[in-house]
Amino acid sequence: METEFTADTPIQAVIDDPAFGDYGRLLFPADDGYWSGRTLGDLRLAFYSHIDPDETVDIVNTLKARAQSGETVFYDIYTAEEKAADPDKEDTGLFFFRGEPDARFAVCNAGGAFAYVGAMHDSFPHALELSRHGYNAFALIYRPGAQTACEDLAQAIIFIFDHAGELGVDTSCYSLWGGSAGARMAAWLGSYGTAAFGGDDLPRPGAVIMQYTGLNEYSPEDPPTFVCVGDADGIAPWRVMKARLDAMSACGIDTEFHCYPGLGHGFGLGTDTAAEGWLDLAIRFWERQMDAGSGT
C-alpha cells in the first residue's frame, strides 16, 4: 500500500505525484509569488489566516484516493483550441469533489485578491466538506483578474450544465460559494448571470454563500445570500457586509449574516475558531432555498 501524504510531505512531491497527471500543479497557486512553504504542514498563503495542515493533508489524500479508484477529479473547462488561443486558460479548471449521485451542486471559489487562487485553504476544504454532506462540489481554478475570473466562473457553470448527465449532478437550485475575491465572483454571477460574462444565459444560483468581502453592490433580483465574516477583519469590514445584506433584505431577498468575534481575514472553514460550524449553517441556508424552490 502506498504511503499517504503527511504534513511532512514536500509540496513538490504532491504536485509531481502520478495520480494527479498534469493537473497536480493546479492544486497549489500557479503564481508562486503568493505562497510559501516546503511541506504540506508549512504551507502559507498570502492574505489568509488559520491554515490547518490537517485539512491540507486530508484534501490531497482524498483527491489522490479518488483518482486512483478511477474517479475523474479534475475537468478542463476550456477546449485545447481555446487554451491555444489564450494560453492563460491553461491554468484553469474544476476540481470535482463528488457527492451522492444526482445531488445538487455547488461551485466554490477561493480568494486571493484576484492576483492568485488560494484554493487549498479557501475552496478545496469547503468542497470536500460539501461532498461529505452528499452534495456535488466543484472548486474552480480561474485566471487572476476580476473580469477573467468571472468569465471563468460563467464558463464553469456552463460546463457543468452541459455535462450534467456525465457528472451526475442536479442543476436545480445550485449554489455559488466564495471567500474574499471568490465571494465577489459568486455575488457578481448571482447578480448579473452567466450571459453578462460572455456565456449562455443560464438559471442563476439558488443561493450565494459569501465569506469576508467588502462588496456593497447588489440588485433587487439577487439570489438568497448567506454571509460570514470576522469582526477583526481589516480587509473586509463586517459593517459593510451587513449593510449590503440589510439593503437586500429590504428588497425581500432571504439573507443570513454571521459575524465572529476576534477573527481576521481569510479564516476558511474556521476550524478551532469562533467560526467553526459556519459551513453547516450555510448548508442549512442553501437547503432552505431548495425547499422554497429557489433557482429552479
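Only a predicted model underlies this, so the values are computations on that prediction, with no experimental measurement involved. Note that these values count all heavy atoms, side chains included, but never hydrogens, waters or copies made by symmetry.
Between Phe5 and Phe20, the angle of the ring planes stays under 30°, which puts this pair in the parallel group of the 30/60° scheme. Below 30°, between 30° and 60°, or above 60°: for Phe114 and Trp188 the angle between ring planes is below 30°, a parallel geometry.
Remark: Tyr34 OH is loosely packed, at most 12 non-hydrogen atoms of other residues, nucleotides or ligands lying under 6.0 Å away.
Aromatic ring centres of Phe95 and Phe138: separated by at least 6.0 Å. Ring pair His126/Trp278: centre-to-centre distance below 6.0 Å.
Here the straight-line distance linking atom CZ of Phe159 with atom CD1 of Ile77 works out to 8.5 Å at 0.5 Å rounding. Rounded to the nearest 0.5 angstrom, Asp42 CG and Asp8 CG are separated by 9.0 Å. Atom SG of Cys228 and atom CD of Gln211 lie 4.0 Å apart (nearest 0.5 Å).
Listed for the Tyr174 side chain is no donor-acceptor partner under 3.5 Å among the backbone atoms of Val107. Without hydrogens or angle criteria, Glu71 side chain to Arg98 main chain gives no donor-acceptor distance under 3.5 Å. Checking side-chain atoms of Asp233 against main-chain N and O of Tyr212 turns up no donor-acceptor pair under 3.5 Å. Asp16 contributes no side-chain N or O that, together with a main-chain N or O of Ala13, makes up a donor-acceptor pair within less than 3.5 Å.
Under a hydrophobic clustering in which Ile, Leu, Val, Met, Phe, Trp and Tyr are joined whenever their side-chain heavy atoms come within less than 4.5 Å, directly or via other members, Leu215 and Ile235 fall into different clusters.
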Contacts table for residues 179-187: side-chain donor-acceptor under 3.5 angstrom, sequence neighbours left out:
unit_1, atom_1, unit_2, atom_2, d
Ser180, OG, His265, NE2, 2.9
Arg184, NE, Thr213, OG1, 3.0

Which donor-acceptor pairs under 3.5 Å do the side chains of residues 21-31 make with protein atoms, sequence neighbours left out?
unit_1, atom_1, unit_2, atom_2, d
Arg25, NH1, Asp91, OD1, 2.5
Arg25, NH2, Glu90, O, 3.2
Asp31, OD1, Gly33, N, 2.9

Please step through side-chain contact (heavy atoms from CB on, under 4.5 Å) for the pair Trp286 and Phe226, ending with a clear verdict. CA-CA 8 Å; Trp286 180 22; Phe226 176 104; over 6 Å; no

Show the numbers, then the answer: is there a side chain to side chain donor-acceptor pair (under 3.5 Å) between Glu287 and Tyr135? CA-CA 11 Å; Glu287 290 172 341; Tyr135 294 107; 2.6 Å; yes

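Sorted by first then second residue, the side chain to side chain donor-acceptor pair (under 3.5 Å) pairs that include residues 153-164, not counting sequence neighbours, number zero.
Note that Lys83 lies outside the cation-pi zone of Tyr78, set by a 6.0 Å cut-off to the ring centre and a 45° limit from the axis.
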